[in-house]
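Everything on this sheet refers to the single structure shown next.
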Amino acid sequence: VRVAGLVALAVATTVMAAWQLDWHSFEVFAADYRMMTFNTALGLWLSSLSLILLAWPCRTSRRAEWLRDLSLLTAGLAATLATLTVMEMITGSQLGIDEIFAIDSLAREGHATRVPGRMSQATAASLLLLSTALMFCSARGLRPVARLYANACAGLALLLGAIACGSLLLGIDGVGRIQFFSTMGPHTAWIVSMLGVGVVLVQSAPQRPGWYLVGRQSATLSGFWLTLTVIAVFAPGLAVTAMISKRTADREVDAARARFDQLTERVVIEAQRRVYLPVYGLRGARGMFAGSEKVTREEFRAYVQARDLEREFPGTLGFGFIERVPRTELGSFLARERADGAQDFAIATTGEHDVLYPIKFIDPMETNRPAWGYDVGSEANRRHAVETALRTGEPTLTAPITLVQDEAQQPGFLFLLPLFEGDKLPETYEERVGALKGLVYAANVISGIFEDVLDVGDGALHFGVYDGPIASDATKLYEDVGGGVISMGPTASILNPRATFGASHQVEVGGRIWTIKTVSSPSFDAAMHSSQSSMIAVYGLILSSLAAGFIWRLGCSRADALALADTRTEDLLRTTEELRCSSETVARQNVELIAMAERAHRVVDDVSHEFRTPLAVIKEFASIIADGLAGPVSEQQAQYLKIMAGAVVDLNHMVEDLLDSSKLRSGRLRVERRRRPVEEIFDHGRATWARKASSRSIVIKERIDPDLPMVYVDEEKVRRVLTNLVTNAIKFSPEGSTILLTAAGDKHSDVVTLGVTDHGPGLSSQDIDSLFGRFHQCASGRRAESKGFGLGLSIARELAQLNLGEISVQSEKGHGATFSCTVPVAEASAVLGHYFRTIDSAERRDEGQLALLAVEVEGWCDADEVASFLASITYPTDVVLAADLRSEDDAPGVAPAQAGSWWILGRTGDPSAWVDRILRSRRSQMEEDQIELPSLSVEVRATWWYPAEATQAKDAIRRIMKGVRCHV
Amino acid sequence: MSKTVLVIDDDWTIQQALRARLSAHGYLVALASDGPAGLRAAQAHCPQAILLDLRMPDMDGFEVLRRLRAMPELASVPVIFLTANIHDTVKEQARAAGASGFLTKPYEASAILELIGEVAGSEA
């Protein structure tokens, strides 16, 4: 398609250049085939450019839009050109487009037989169809129906081109009575056909990924109604414009015709008046002859001299008097005249007639002397006129003659008036001949008669006078086309045969029929077509186009919006699909990660499990040997064995740390917070700590405040915290030093603080900052004799947080260190306060929900068992509160013996899923352990977005708790 | 008469360490390397206490305990779990299954002797 477009473009460019540069050899490029006109070439050039732009692929949508606009513009220009041409043809008006672009030298010189810009009817129709098809293709937001229109238009253009090609090739001009001979040239037809095929093809171009092709029509939305609306606006607009323009043009023509007729009448009347002017002079002379016995030569001269010939009788050379003289009396006539003082008088005659008509008087003599004595009857035309005058007794005109006194030998005529004796006109020819005194006549030249007659036509007319009823070159007397250009005699006419208007009038002049012909002058023709109809056509076309374009634009905007919405919807659907796929991938990866983490934990679990047995064996045999059970050992050997046993214990601690850290990280550590007295925590750890300390001769002292409130803790975990702190203190304390364990708190405080103070090297502030990190080893001089993984303090902190407490350290370099761990007292408000504090200060404060579950437990009555059970099926970070356990204040130390309600407070992404998980955990526990667990009913009582609704959540939960006898 | 303690553990080294320790303290020590052998040894020796490992091939410690409890002559023999498994749930399960004690490896010799003394009486 691109190649076809480029070829068409090249041909059209060449033709346009040929017209502009006067390459006349191009004008007829083959026998009988003429080159296409300039306007045709221009239209095809625009159309082929539009097609090339449509078929030009580009990489970016921005460039594609640019190409589309340019294509639309060029197609629109071609359509405008074609439309104007069609309008010219329909209305018959001249819009001037044929001469706008091309006037070659021949045309300028007036030799051209055709206007170089004027395209033929078939070409104009084809170009209109082709450009319309291209506009359909290049318009935005096209609908499938527009594609149909485009194909229909292109198909029709193709058909016209094909018919033209066929008729030219076959040399036929129709079938039967149907004429389809095209006025299109062969190369025009070929290019039109090629472009038509191109338009059809480009729309079906295959989609190449990453490339935009403007002409390719994707079947998007239907714009049938939009297109219909545009056509409904444009077509009537065009029709009305054509009608108004045509009517205006018709009115102009009618008005011009009326004016032409009016001017013609004026010219005819003036011409007649001019011809008859000499008759007035003749009638005056007749009066003179009637009033005098004998008119002398001097009297006649005086009469003529009394008339102002030039002004009164333009074109009249002189007046004369002719006398009838029988040939037999010729001598006496001559003698009488000479006796009358005309010594030079002589008769010039050539005829053989018995009667002569010599000119007796002629004045003014200076200009008419050659005619004095001339026998008028010797020449046929004159003699015929004389005899006609005698017969009719009326002023009679001769046929066109050449006056003997006219040196210019131009056409002229004589006006003759017979004079008779008596008052009455004799009735018969013989009586008239008998009573004839003579004839007065006027000698006239035509150029003088009709000079300036054209002035009455206001320059709008050219006219000609012809002898006889037929206006032809042979009968031509006089033609005047203005500007001093006249033509006389029987020569080729100079009147414009293609003038818009023309009229012929036959007039009777002195017994002869003359024809006066008028034609409109070029200036009249030019002025006739005022610009009004053209302007109406142009404005109407513009208005119709604007209205249609406006409607189209509106529709396209809507269509664009719809298309954009569709695109966005598609994008959204695609994005949603991608998200779904990503989500599935993430979920799958999550499952894999969970499985991997599970495997990793199992590996750690297994490794720690497998470590323990050999550690136990090493430790036990070292102990057996050291104890002398395997035989006597030296003191040094016993000491070494003791060190070995200590190293085994360290190694065991490291393994335990790893296992605990792994559990904490995976959230698999089970936490059972219950009401516990602080002393119990110390009681169950005291022996272990003392044993650890004794290995380095360190003494552990305790200072536990009396009357400490009960605390809400997982006793074992808190003990583990203390164990890690004590182990840490032992590591860094000098041998033989003291470690102080404290427990402080009062009834007004909501926490109990547990402390471990050593007398080691202390900590720098830098050490304190990173002290609780995982795998932390002190950078400064604080070195332990026994090594670990650096997990102990990290684990201690996490366990403290699981107990809703905080761990902190106070130390000064060189003055030992005090590690403190807080635990909440066993009061609901305190527990909730610490719970909120813990989740508020959590490292990851992801958006999630805080849910409060109400749990009914049936089947068990022991609160510890229920708490333990609930802890086993909830997350370690969740808080389990017994809602209806009576507080210790009411019944100290007595747990209720009936089933109760419980609260579970925790963070979750999906409360319902959480409930399901709790119930599922219970079922799986029952299946795995084959034990009977209490039946549960769990209900989501309230949820809040956390931390967004943190304040509302805290207030609401406290309110709920306040209304219930809540206890922990 | 010396008390008999049956050690059921698949680890030979642990068996040897326990035999050395307990023998030194006057106990008769019977050894078994797996659950079935342990059950047979229990029937043969009628021990006063049994130290039972949890994770063993073929039959785990809980199953051995369940079967012991099913044997009328051995139903009341105190059983002390001695395991490398330190999970809290296991400890709970052991208690629920009726174990007399729960010790984790590496153990303190004094803790074992104390517990055996409690459940079986001293060797003297």
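In what follows, chains carry the letters A, B, and so on, assigned in the order in which the sequence lines appear, proteins first and then strands, with residues in each chain numbered from 1.
- In the displayed structure, Glu635(A) atom CD is contacted under 6.0 Å by at most 12 heavy atoms of other residues, nucleotides or ligands.
- With rounding to the nearest 0.5 Å, the separation of CZ in Arg21(B) from OG in Ser623(A) is 4.0 Å.
- Counting heavy atoms of neighbouring residues, nucleotides and ligands inside a 6.0 Å radius, atom OH of Tyr640(A) does not exceed 12 of them.
- At a heavy-atom separation below 4.5 angstrom, chain B is approached by Ile624(A), Asp627(A), Leu629(A) within residues 624-632 of chain A.
- Interatomic distance, Lys105(B) NZ to Phe611(A) CZ, rounded to the nearest 0.5 Å: 15.0 Å.
- Between Tyr107(B) and Lys619(A), the closest heavy-atom pair is O-NZ, 3.4 Å.
- The neighbour count for Arg95(B) CZ, taken as heavy atoms of other residues, nucleotides or ligands under 6.0 Å away, does not exceed 12.
- Using modelled atom types and a 3.5 Å distance limit, the side chains of Arg612(A) and Thr83(B) yield no donor-acceptor pair.
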